[in-house]
Amino acid sequence: MRKDPLAFLGTELTSLKSQGLYRHLRVLDEPQAARTKVDGRDVINLSSNNYLGLTTHPRLKQKALAALEQFGVGTGSVRTIAGTMQIHMELERRLAEFKHTEAAVVFQSGFAANAGTVAAILGKEDIVISDELNHASIIDGARLSRATIKVFPHRDVEAARAIVRDLPSTGRKLLITDGVFSMDGDVGALPGLCDLAEEYGLIMMVDDAHASGVFGRNGRGTIDHFGLHGRVDVQVGTLSKAMGALGGYVAGSRDLVEFLQHRGRPFLFSTSHPPSVAATCLAAIDVLLEEPELIERLWANAAFFKDALRDLGFNTGASESPITPVIVGEGAKAMRLSDRLFEEGVFAQGIAFPTVARDKARVRTIVTATHTRADLQFALDTFARIGRELGLI
Ligand SMILES: Cc1ncc(COP(=O)(O)O)c(C=O)c1O
């Protein structure tokens, strides 16, 4: 009989189970919202990136339905063959206007935008200088590019400078940071890194996935928040988180966008967004511009929740955004905390290695604009009770 060449997979899974790190997928029975039903249980949802509650916003749903009726369910092609509709062009025009850049190009996801862009603009003679906590899509893009990868300690501009100072003068060099770090909720060292990029002629790139719709005026991101317009060459944003739908984009110069249309592999080799998704994203931009009170409510909820978790004695790290980690250390402990919270009606996912360092496992929380104070108070009371039960506070 043929020996199973994939037998090692079973061994790996058994090992995860024995370490308490095996996860069943949590399944939503209802829409993605602040209160929802997951695995048959009514919960306060602190696990999504649906910062502004746009996944169920009536204006977005209405635009999606209208586009679906008018243009059908799919595009049937990649962008460069027959998959570019007027609505894609309109979305890119609006994104560029929103971000105050010459142009923008949309990818199927934020992951595709990061990986596709880094891999397109660098080659094996080049160098990427990257914050140690940058997102996996940046790391994968850097690997695909075959450039040399230099990693600097988290948010440490002087350490980045020491790396840059010693680099050869030849080849392209890309300095890259997340705008907001997805697991810790802290903000990239953008002003210092922009200075460094200018001093040494580096390409400056920021992945603003978790800042899109959250930071800056009307959610324009960290570049706007820090007043760095014109100093970041490549701005990546996502349409999948605060914008409520799906997709990623790169905003920058006309040349950058045209280059990515020719060399960005996900743009060339993967089918474009259904028109309903593009319409949803257009409506999300309208909401950012016309309903800024959503962003205000998000930040007020974030401040309330974060302060209360700290006051309870939890270790919430260095978060400066609506992402608040509750850091507990060991992976199994984080999963236990998450499981107990869930049993008591609070959905907050445990995150362990390899997503975060082995000793920094956590339960990650994200509040949204659509949580009520009663929702948040219920979650805090539950955190307090389970935290004491598990000896965390
Ligand atoms: C920092 C960061 N960049 C990029 C992405 C990818 O975005 P998307 O979910 O749109 O692929 C994520 C999402 O997990 C992220 O957290």
Side-chain angles (χ1 to χ4, degrees), residues 25 32 46-52 54-55 60 91-92 95 99 104-119 128 130-144 151 154-155 174 176-190 193 205-216 219 221-223 225 232 234-251 260 264-267 270-274 277-278 280-281 284-285 317-325 349 351-352 354-356 362 364-366 368:
L25 293 176
Q32 179 61 264
L46 298 176
S47 285
S48 84
N49 303 310
N50 182 26
Y51 291 101
L52 302 175
L54 297 197
T55 53
L60 276 67
L91 176 59
E92 289 169 342
L95 283 168
K99 298 289 283 187
V105 54
V106 169
F107 287 81
Q108 298 83 354
S109 67
F111 196 109
N114 271 331
T117 300
V118 175
V128 52
S130 176
D131 187 290
E132 68 177 326
L133 295 188
N134 277 346
H135 191 254
S137 52
I138 293 174
I139 298 167
D140 286 8
R143 288 175 180 159
L144 279 171
V151 173
H154 187 44
R155 301 206 300 177
L174 174 72
I176 185 163
T177 182
D178 281 1
V180 175
F181 289 87
S182 58
M183 293 300 137
D184 289 272
D186 53 350
V187 175
L190 267 66
L193 293 175
M205 176 165 168
V206 175
D207 166 17
D208 245 352
H210 283 276
S212 306
V214 176
F215 277 77
T222 54
I223 287 95
H225 170 78
V232 175
V234 187
Q235 298 186 39
V236 168
T238 184
L239 304 164
S240 327
K241 301 184 194 299
M243 306 292 272
L246 178 69
Y249 62 90
V250 178
L260 291 174
R265 290 171 74 83
F267 189 87
S270 185
T271 295
S272 55
H273 273 136
V277 173
T280 312
C281 297
I285 299 172
S319 167
E320 302 163 76
S321 73
I323 301 171
T324 306
Q349 278 286 15
I351 313 266
T355 310
V356 294
R362 65 203 54 199
R364 186 176 76 142
T365 69
I366 299 184
T368 70

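All ligand and atom numbering here is 1-based and tracks the order in the structure.
Residue Ala112 places no heavy atom under 4.0 Å from ligand 1.
Annotation for Thr238 and Gly247: closest pair OG1-O, 3.0 Å, computed over non-hydrogen atoms. Heavy atoms only, all atoms of each residue included: Asp131 and Val151 are closest at C-CG1, 4.4 Å. Of all non-hydrogen atoms in Ala119 and Leu144, the two that sit nearest each other are CB-CB, 3.9 Å. Closest approach of Glu92 and Ala104 over heavy atoms only: CB-O, 3.4 Å.
Residue Gly247 approaches ligand 1 through these ligand atoms, each under 4.0 Å from one of its heavy atoms: 10 (O). If you number the atoms of ligand 1 from 1 as listed, the ones under 4.0 Å from a heavy atom of Ser182 come out as 16 (O). Every atom of ligand 1 with a heavy atom of Ser109 under 4.0 Å away is listed here by number and element: 10 (O), 11 (O). Which parts of ligand 1 touch Asp178 is read off a 4.0 Å heavy-atom cut-off, strictly below it: atoms 1 (C).
At a 3.5 angstrom cut-off on N or O pairs, His210 counts as close to ligand 1.
The nearest protein atom to atom 8 (P) of ligand 1, hydrogens excluded, is given as Gly110 N, 3.4 Å; this is a heavy-atom distance. Closest protein heavy atom to atom 3 (N) of ligand 1: Asp207 OD2, 2.6 Å. Of all protein heavy atoms, the one lying nearest to atom 10 (O) of ligand 1 is Ser240 OG, 2.5 Å. In this structure, the protein non-hydrogen atom closest to atom 12 (C) of ligand 1 is His135 NE2, 3.3 Å. For atom 14 (O) of ligand 1, the closest non-hydrogen atom of the protein is Lys241 NZ, 3.0 Å. Scanning the protein heavy atoms around atom 6 (C) of ligand 1, the nearest turns out to be Phe111 N, 3.4 Å.
Residues Val118 and Ile176 are in side-chain contact: their nearest non-hydrogen atoms beyond the backbone lie under 4.5 Å apart. For the pair Asp178/Ile138, a side-chain contact is recorded, criterion being any heavy-atom separation below 4.5 Å from C-beta on.
In this structure Gln108 satisfies the side-chain hydrogen bond (donor to acceptor under 3.5 Å, both in side chains) test with no other residue, sequence neighbours excluded. Legend: residues meeting side chain to side chain contact (heavy atoms under 4.5 Å, CB included) with His225, ordered by chain and number and at least two apart, are Phe215.
With a 4.0 Å cut-off on non-hydrogen atoms, Asn114 touches ligand 1 through its side chain and not its backbone.
Here the rule is ring pair (Phe, Tyr, Trp, His ring centres under 6.0 Å) with Phe181, and of His210, His135, His154 only His154 fits it.
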